[in-house]
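This report concerns only the one structure given below.
Hydrogens, waters and symmetry mates play no part in the numbers below; they use all other heavy atoms, side chains included. Protein chains get the first letters and strands the later ones, always in sequence-line order, with residue 1 at the start of each.
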There are 2 protein chains.
Amino acid sequence: MGEKRQGPGQGVTLKDVALRAGVSPITVSRALNRPEVVSPKLREKVEAAARDLKYVQNRMAGALASSGSPVIPVVVPSLSNAVFIEVIEGVQEIAQEAGFQLMFGNTDYDLDREYEWISMFLGWSPPGLILAGTRHLQRTRALLKHYGRPVVETMEYSSRPLDMNVGLSHVKAGAAMADHLIARGYRNICFAGCRLRADHRAKQRFDGFDKMLAQQGLARRPPLTREVPSSPEVGGEMLDHILREDPGVDAVFFANDDLAAGAILRAQREGIPIPDRIAVAGFNGLPIAALLTPSLTTIASPRREIGRFAARQLVQHISGQQCRTKRLDVSFDLIARDST
Amino acid sequence: MGEKRQGPGQGVTLKDVALRAGVSPITVSRALNRPEVVSPKLREKVEAAARDLKYVQNRMAGALASSGSPVIPVVVPSLSNAVFIEVIEGVQEIAQEAGFQLMFGNTDYDLDREYEWISMFLGWSPPGLILAGTRHLQRTRALLKHYGRPVVETMEYSSRPLDMNVGLSHVKAGAAMADHLIARGYRNICFAGCRLRADHRAKQRFDGFDKMLAQQGLARRPPLTREVPSSPEVGGEMLDHILREDPGVDAVFFANDDLAAGAILRAQREGIPIPDRIAVAGFNGLPIAALLTPSLTTIASPRREIGRFAARQLVQHISGQQCRTKRLDVSFDLIARDST
DNA sequence: CCAGAAAATGATATCGCAATCATATTTTAT
DNA sequence: ATAAAATATGATTGCGATATCATTTTCTGG
């Protein structure tokens, strides 16, 4: 920021390459960006000069001149959660081969911070944005609408997306798990998750779950929550808490596999038989779920696919192709295992 | 890329705000960037105008004009590995509050791809870069030297870093674990890890481990490796493989906790007593290590700290402060638990 | 009340590149 | 061989902001 300007910037510029290759700057630009429109002879000279000088294109000047940058901002609630990482990897895969560059913003489940990130990212003239979730502040919506850039909301399926949308219905997923537990004969089921006020999708799973319990005339319990990030430790602690405070509970639906895995490991250590004393289910379908003893019942979602779809959608939209579907409701898989 | 220019770019510009506020563009720039040098009256008018128009600063124009962007590239081998995520979180924490923006490059342990990323990132005129590892192609070194930007190499401690460096000695860590296993009475110890050719740090742990075995006159075995990314599944499979093919082995040092955890889960499922039949150790000190039964012996490294230090170092260097230490050898913790 | 200093504001040039339009060169068709 | 079309190259301008320097306004002290 407080850097002193150093006469001509510090790098090798197009002009330097042009000088060395004995052509005009614009020819260099063309030779490097659209080699096919430049004669092989010149192209070669230019390439050699660029190589010799170790020229790298100044992306900011490029973006400024062509009024459009190759930056796609991705705004997620958390990086430490494997779930988002997988989505990001899917996005990366597609975006990278289409020549785009990702920037990440971590909101820590805070909608104000989401606004800040988006506002900042708009300053990069992004050709489009990828967001996690469909819940935003009013002023975030206004800002996005004002700037009119393509936006893909991911992770959860919404009936009224801002623009494009790919995800699954967490309400349905929650209901499906309730259904499963009821079918297996459990009658006193409780939901446990962290930071439910902030984690809207976990809350939606609870809502679906709770509604199903109500529909089936079963006892409903308020969700057990902790105001810390999810982790196996907390999951174990929550299981303990439930066994102690509400011993009638015969099954727990954890908001995610981290918590559920922690519960299973804790039970194992303490010799609590699962699912006989209490059943445990999770959500996400992390690989570790299959390896636990007992193996963990969970709901798998195609996260990498979600990322890929989001990126593909955006890239298509950017390149002007009209895409048939602006919304995709990806399905989920309830994987019934030994823990229930 | 193929976007048509749309006359004046599509966003609100400084000029628009200036027009609305009835001042010159440069005053707007000042009012927003260094409010203290503008009179309160004008500042307020400008701020109101900016708010009304939903102005967001064009970062690329800003960076171009001041010849310096706020982008710090971070190049890591993998995003799916929790280890790098933690380093990144540490970096983020410091970088963000200093007003910098991170961009990530994922090399998948490929040095050529590292070169590509770095070359690309240099086009963003970054004030500095953060890399994982100290092993690079010759042309990568040349490029970095040519551009002379501050660089922090992280994760592993090197005797001859490019510029700044923070990390730990993986050779020593490997030796420490060998030491521990020997002290506990194991005599037929084997090392198991994935993609050792690419994962230089895992290889270094093996080297340290192997050297220690040699020093103590114990039988040395070639490392067991798989050419797939590490995962609990693979760890379980490797344990099986060892028990079957080399039944004399009484302890396994896995290259990381993912593999080791998988081994423990597998053993549990198959009723193989750990550590009685075979001991298992890991590396990284992931939280789950403590929760397994038996709990996993591992080596913890201060990853978040590494990230923080790297970022702080870079920020200091950028702001021109001379820092005492250009290198930091962070220590590691061997946490002896029940699995050995 | 005025000279001189300090503070606030503005005009202009520039960052590095690509879009646009103009010009030179080659190719093709007749 | 020559006009017309196609291709290759170059000159100029502008993207949106900030640095620099110039100017105006406000403050200070005698």
Side-chain angles (χ1 to χ4, degrees), chain A residues 1-19 21-46 50 53 55-70 120 122-127 147, chain B residues 1-19 21-46 50 53 55-70 122-126 147:
Chain A
M1 322 255 116
E3 285 302 87
K4 196 158 292 176
R5 170 171 310 193
Q6 318 194 344
Q10 316 115 311
V12 180
T13 76
L14 213 55
K15 207 151 77 175
D16 300 325
V17 180
L19 222 61
V23 299
S24 76
I26 187 64
T27 299
V28 176
S29 169
R30 277 196 280 253
L32 298 178
N33 293 325
R34 286 146 50 206
E36 72 281 1
V37 307
V38 171
S39 68
K41 202 176 56 180
L42 277 196
R43 190 194 316 156
E44 217 165 288
K45 260 204 289 193
V46 168
L53 295 175
Y55 170 75
V56 304
Q57 186 212 44
N58 183 323
R59 319 302 280 209
M60 332 197 63
L64 189 58
S66 56
S67 61
S69 85
M120 207 272 243
L122 284 172
W124 291 96
S125 309
Y147 273 82
Chain B
M1 323 249 113
E3 284 302 88
K4 197 160 293 176
R5 171 172 310 194
Q6 318 193 347
Q10 316 115 312
V12 180
T13 76
L14 212 55
K15 209 151 77 175
D16 301 326
V17 179
L19 222 62
V23 299
S24 76
I26 186 66
T27 299
V28 176
S29 169
R30 278 197 280 252
L32 298 177
N33 294 323
R34 286 147 50 205
E36 73 281 0
V37 307
V38 171
S39 69
K41 202 175 57 183
L42 278 195
R43 190 195 314 158
E44 217 165 288
K45 260 204 286 195
V46 168
L53 296 175
Y55 169 75
V56 303
Q57 187 213 42
N58 183 322
R59 316 305 275 212
M60 333 197 62
L64 188 58
S66 58
S67 63
S69 86
L122 284 173
W124 291 97
S125 309
Y147 273 82

So which protein nitrogen or oxygen atoms get under 3.5 Å of nucleotides 21-27 of chain C's nitrogens or oxygens?
none

request  = Check every strand shown and say whether Leu14(B) touches a base, only sugar-phosphate, or nothing at a heavy-atom separation below 4.0 Å.
outcome  = base

ask   = Residues from residues 34-45 of chain A sitting under 4.0 Å of DNA chain D, heavy atoms only?
value = Val37(A), Val38(A), Ser39(A), Leu42(A)

query = Does dA18(C) have OP1 or OP2 sitting under 4.0 Å from an N or O in the side chain of Asn33(A)?
reply = yes

task = Using the test side-chain contact (heavy atoms from CB on, under 4.5 Å), find all partners of Val23(A) that sit at least two apart in sequence or belong to another chain.
result = Ala21(A), Thr27(A), Val28(A), Leu42(A), Val46(A)

Below 4.0 Å: OP1/OP2 of dT18(D) and any side-chain N or O of Ser66(B) = no

inquiry  = Whole angstroms only, please: what is the CD-P distance between Gln57(B) and dT18(D)?
reply    = 5 Å

key: Arg43(B) side chain vs Val38(B) backbone, donor-acceptor pair below 3.5 Å   = yes

query = So which nucleotide from dC15(C), dT9(D), dA18(C) ends up closest to the side chain of Ser29(A)?
reply = dA18(C)

key: Contacts of type side-chain contact (heavy atoms from CB on, under 4.5 Å), residue Leu19(A), not counting sequence neighbours   = none

query = Is Ser125(B) reaching over with its side chain to a backbone N or O of Ser69(B), donor-acceptor style, under 3.5 angstrom?
reply = no

note = Of dG14(D), dT9(C), dG10(D), the nucleotide closest to the side chain of Thr27(B) is dT9(C)

inquiry  = Nearest whole Å is fine: how far is dA17(D) P from Trp124(A) CH2?
reply    = 13 Å

request  = Rounded to the nearest angstrom, tell me the gap between atom CG in Leu64(B) and atom P in dC15(D).
outcome  = 13 Å

message = I'd like to check the side-chain hydrogen bond (donor to acceptor under 3.5 Å, both in side chains) partners of Ser39(A); sequence neighbours left out, ordered by chain and number.
response = none

N/O (side chain, Tyr55(B)) to phosphate O (OP1/OP2, dG16(D)) under 4.0 Å = no

task = Whole angstrom is fine here: how far is it from CG in Asp16(A) over to C1' in dC15(C)?
result = 13 Å

ask   = Please give, in whole Å, the distance from dA17(D) C1' to Met60(A) CE?
value = 11 Å

